[in-house]
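In what follows, a structure is listed as C-alpha cells, so that the remarks can point back to it.
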Amino acid sequence: MVRVRFAPSPTGFLHVGGARTALFNFLFARKEKGKFILRIEDTDLERSEREYEEKLMESLRWLGLLWDEGPDVGGDHGPYRQSERVEIYREHAERLVKEGKAYYVYAYPEEIEEMREKLLSEGKAPHYSQEMFEKFDTPERRREYEEKGLRPAVFFKMPRKDYVLNDVVKGEVVFKTGAIGDFVIMRSNGLPTYNFACVVDDMLMEITHVIRGDDHLSNTLRQLALYEAFEKAPPVFAHVSTILGPDGKKLSKRHGATSVEAFRDMGYLPEALVNYLALLGWSHPEGKELLTLEELISSFSLDRLSPNPAIFDPQKLKWMNGYYLRNMPIEKLAELAKPFFEKAGIKIIDEEYFKKVLEITKERVEVLSEFPEESRFFFEDPAPVEIPEEMKEVFSQLKEELQNVRWTMEEITPVFKKVLKQHGVKPKEFYMTLRRVLTGREEGPELVNIIPLLGKEIFLRRIERSLGG
RNA sequence: UGGGAGGUCGUCUAACGGUAGGACGGCGGACUCUGGAUCCGCUGGUGGAGGUUCGAGUCCUCCCCUCCCAGCCA
C-alpha cells in the first residue's frame with residue numbers, strides 16, 4: 001500500500017510551493033488508493049508556533065487536500081508531531097552510538113562554527129570527522145555539560161563511499177565519495193536534526209514514497225546513509241522541481257502573494273489554485289489544462305513530473321480563476337462572494353436579486369474580490385452624471401415614454417430607437433451616456449442585462465437625477 | 001572550497017532519434033454602447049560551439065547561465 005506524507009514546519013503560512021508538494025502527494029495517494037499522511041515537523045523551537053500549525057491545516061482543508069493520518073485525526077503510527085516523538089529519536093540515536101555508527105561530541109555549537117569558518121577560509125570544504133572533536137572530550141568539559149544540564153550532540157559517522165539514488169523525477173543521481181563529512185543527528189538541546197528525524201519517522205511510519213521539493217535532493221545523500229545504518233531499505237524518492245519568482249529566484253514574499261491564505265483572501269478559488277499548481281512541473285497525458293480535482297486524481301502519475309523549475313505566473317492563475325468563477329453554479333458563487341460584499345460595506349437584502357447581479361457581472365471579474373466594485377451600482381446610486389446638452393431632450397422624452405412600458409428589453413429598445421431617430425442622435429453616443437447615468441462608469445456589463453435588472457424605478461430615478469430634476 | 005540539479009516561444013508545458021505543437025500573455029479583427037466575457041487570426045522558442053547520425057530539442061564533448069546542499073533551520 002502506498003503511504004505518502006506532507007511534512008510542513010509550522011513556521012509560517014502554507015506557501016504555494018508547499019501546497020504544490022502536498023497536492024502531488026495527495027494526488028498520488030488517491031490515485032494509488034493509498035494513504036496521505038500529515039506530519040508536523042516542529043523541532044525548530046524558535047520559529048515553530050501552534051498558531052501556524054492550525055493555519056496550515058486550515059489551508060490544506062480549504063484546498064481540499066484532506067489527510068488520512070495526522071495530529072488531529074490520529075492514526076496507527078503516531079504521534080504525528082515531531083516534538084512529541086523525542087524519546088523515539090533519542091533511542092534510535094543511542095542505538096547508532098552503541099553500534100559505533102555515531103558518536104558524542106562535547107564541542108559547543110560556536111566552537112564548531114569556528115572550525116567551519118576556518119575550513120572555508122582555507123578554501124576547504126567544511127567536512128567534519130570524529131578526530132576533529134576529540135580534543136573537546138575532557139573530564140572538565142563533561143562535568144561542565146552535566147552542571148549546565150546539557151547533552152552532548154550526536155554526530156553520525158558518514159561512510160566515505162559513493163551513493164546512488166534512482167530518483168523518479170531526476171533519474172540516476174550519483175553522490176561521489178567525500179561529498180559530505182560527519183553530520184549532527186541529535187542537538188545538544190536534546191532535539192533531533194531534520195535529516196535524522198525525517199528518516200526515523202519515514203521508517204516508522206512506513207512511508208513508501210517521498211515526494212518533495214528538489215531543494216532536498218542533496219539532503220537525500222545523508223538520508224540514504226542513515227537508512228543504510230539502520231539496515232532498512234529507503235522509500236522511493238521523487239524530487240519535484242522548485243517554484244521560482246519572475247526573476248528566477250525562489251518564490252518569496254517580495255514577488256507578491258505566496259501563501260494559500262493570501263490567495264484565498266484575494267478571492268481566488270481552491271479549484272483554480274489546485275488546477276494551476278498541478279500544472280507547474282506536471283502535465284496531463286493529453287495536454288488538457290482545465291482539470292477538476294477528480295480529473296487530476298484519475299490522470300495523475302509520477303512519470304509525468306518534469307524536472308525543470310517553473311516560474312509562477314500570476315496572470316495564468318488569474319485567467320484560470322476567472323474561468324472557474326464563470327462556470328460555477330450560481331448558488332455556490334453567491335455564498336463565496338458574500339463575504340467580499342460585506343467587507344466592501346454592501347448589504348445584500350434580496351438573495352435572488354443578488355444572484356442575478358452576480359450572473360451578469362461574473363463576465364467581468366476574475367477574482368471574488370473584484371465583485372463589489374464591479375457591481376456596486378446595482379446596490380447604491382452612483383453620483384449623478386452630467387448629461388450633454390444635445391442629449392437632454394432625448395433623456396427627458398425617454399423618461400416620459402418609458403413610464404408606462406412593460407419593463408423588458410423587447411419593449412424598451414424600440415422606444416430607444418424611436419426617440420433617437422426623432423432627435424437624430426447616434427446610438428453610440430446615447431448608449432455611452434446612458435451607461436454613465438445608470439452605472440457611474442464607462443465600462444461594465446451589457447446594458448441589455450443591466451436595464452431589466454435595475455428595474456424601471458431605479459432607471460427613471462437615475463435619469464431624473466442626471467437631468468437635474 | 002566540495003557535492004548535486006536544471007536550461008524548448010515573455011510564462012507554463014508537449015514532441016518513439018523522424019512535422020517543434022497546445023495554453024496563458026501580447027498584437028489585430030468580429031461581436032452595431034463599453035468591455036476584463038465569447039469567437040477568429042497573428043506574433044513568438046530548442047542557451048552557445050563542436051561531434052555522432054540519412055536525420056538531433058532528444059545521444060556525446062566543451063563552454064555559458066540559473067538553482068540547491070555542505071545551519072545544532074527545515
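Note on naming: letters A, B, ... go to the chains in the order of the sequence lines (proteins, then strands), and numbering restarts at 1 for each one.
For Glu443(A), the side-chain atoms get nearest to U34(B) when compared with the rest of G4(B), U34(B), U13(B). With distances taken from any side-chain atom of Val173(A) to the nucleotides G4(B), C12(B), A14(B), the minimum falls on G4(B).
Among the atoms of the strands shown, none is found under 4.0 Å from any heavy atom of Glu429(A). Among the heavy atoms of the strands, none lies under 4.0 Å from Gly213(A). Lys176(A) comes within contact range of the sugar-phosphate backbone alone, with a heavy-atom separation under 4.0 Å but no base atom that close. Contact annotation for Arg436(A): no contact, since no heavy-atom pair falls under 4.0 Å across all strands.
Arg441(A) has no side-chain polar atom (N or O) that falls below the 4.0 Å cut-off from OP1 or OP2 of G35(B). Taking side-chain N and O atoms only, Lys249(A) has a distance below 4.0 Å to OP1 or OP2 of C67(B). Between Asn308(A) and C67(B) there is no side-chain polar atom (N or O) within less than 4.0 angstrom of OP1 or OP2.
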Under 3.5 Å, which donor-acceptor pairs do the side chains of residues 432-439 of chain A form with other protein atoms, sequence neighbours left out?
residue: Thr433(A); atom: OG1; partner: Glu429(A); partner atom: O; Å: 2.9
residue: Arg435(A); atom: NH1; partner: Pro445(A); partner atom: O; Å: 3.1
residue: Arg435(A); atom: NH2; partner: Pro445(A); partner atom: O; Å: 3.0
residue: Arg436(A); atom: NH1; partner: Glu442(A); partner atom: OE2; Å: 3.2
residue: Thr439(A); atom: OG1; partner: Arg435(A); partner atom: O; Å: 2.8
residue: Thr439(A); atom: OG1; partner: Arg441(A); partner atom: N; Å: 3.1
residue: Thr439(A); atom: OG1; partner: Arg441(A); partner atom: O; Å: 3.2

Which nucleotides of nucleotides 68-74 of chain B have their base under 4.0 Å from a protein heavy atom (B), which only their sugar-phosphate (S), and which neither (-), written as one string 5' to 3'? BSBSBBB
Do nucleotides 22-30 of chain B as a string where each nucleotide becomes B, S or -: B if the base has a protein heavy atom under 4.0 Å, S if just the sugar-phosphate does, - if no protein is that close. BBSS-----
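The residue among Tyr276(A) and Val365(A) whose nearest nucleotide of RNA chain B lies closer to the 5′ end is Tyr276(A).
Counting only N and O atoms by type, the side chains of Asp201(A) and Gln82(A) include a donor and acceptor under 3.5 Å apart. Judged purely by distance below 3.5 Å, without hydrogens or angles, the side chains of Asp303(A) and Ser301(A) pair a donor atom with an acceptor atom. Side-chain contact of Arg304(A) with Ser283(A): a donor-acceptor pair under 3.5 Å is present, judged by distance alone.
Residues of residues 412-428 of chain A that place a heavy atom closer than 4.0 Å to RNA chain B, in numerical order, are Lys428(A). Residues of residues 354-363 of chain A having a heavy atom closer than 4.0 Å to RNA chain B, listed by number: Glu363(A).
Spacing of C1' atoms, G21(B) relative to C64(B), comes out at 29 Å, to the nearest Å.
Remark: RNA chain B takes part in the stems B:1-7 with B:64-70, B:10-13 with B:21-24, B:26-30 with B:38-42, B:47-51 with B:59-63, each of 3 or more antiparallel Watson-Crick or G-U pairs, criterion distances under 3.5 Å.
Between Phe155(A) and Phe133(A), the ring planes lie tilted relative to each other; the angle falls in the 30° to 60° range.
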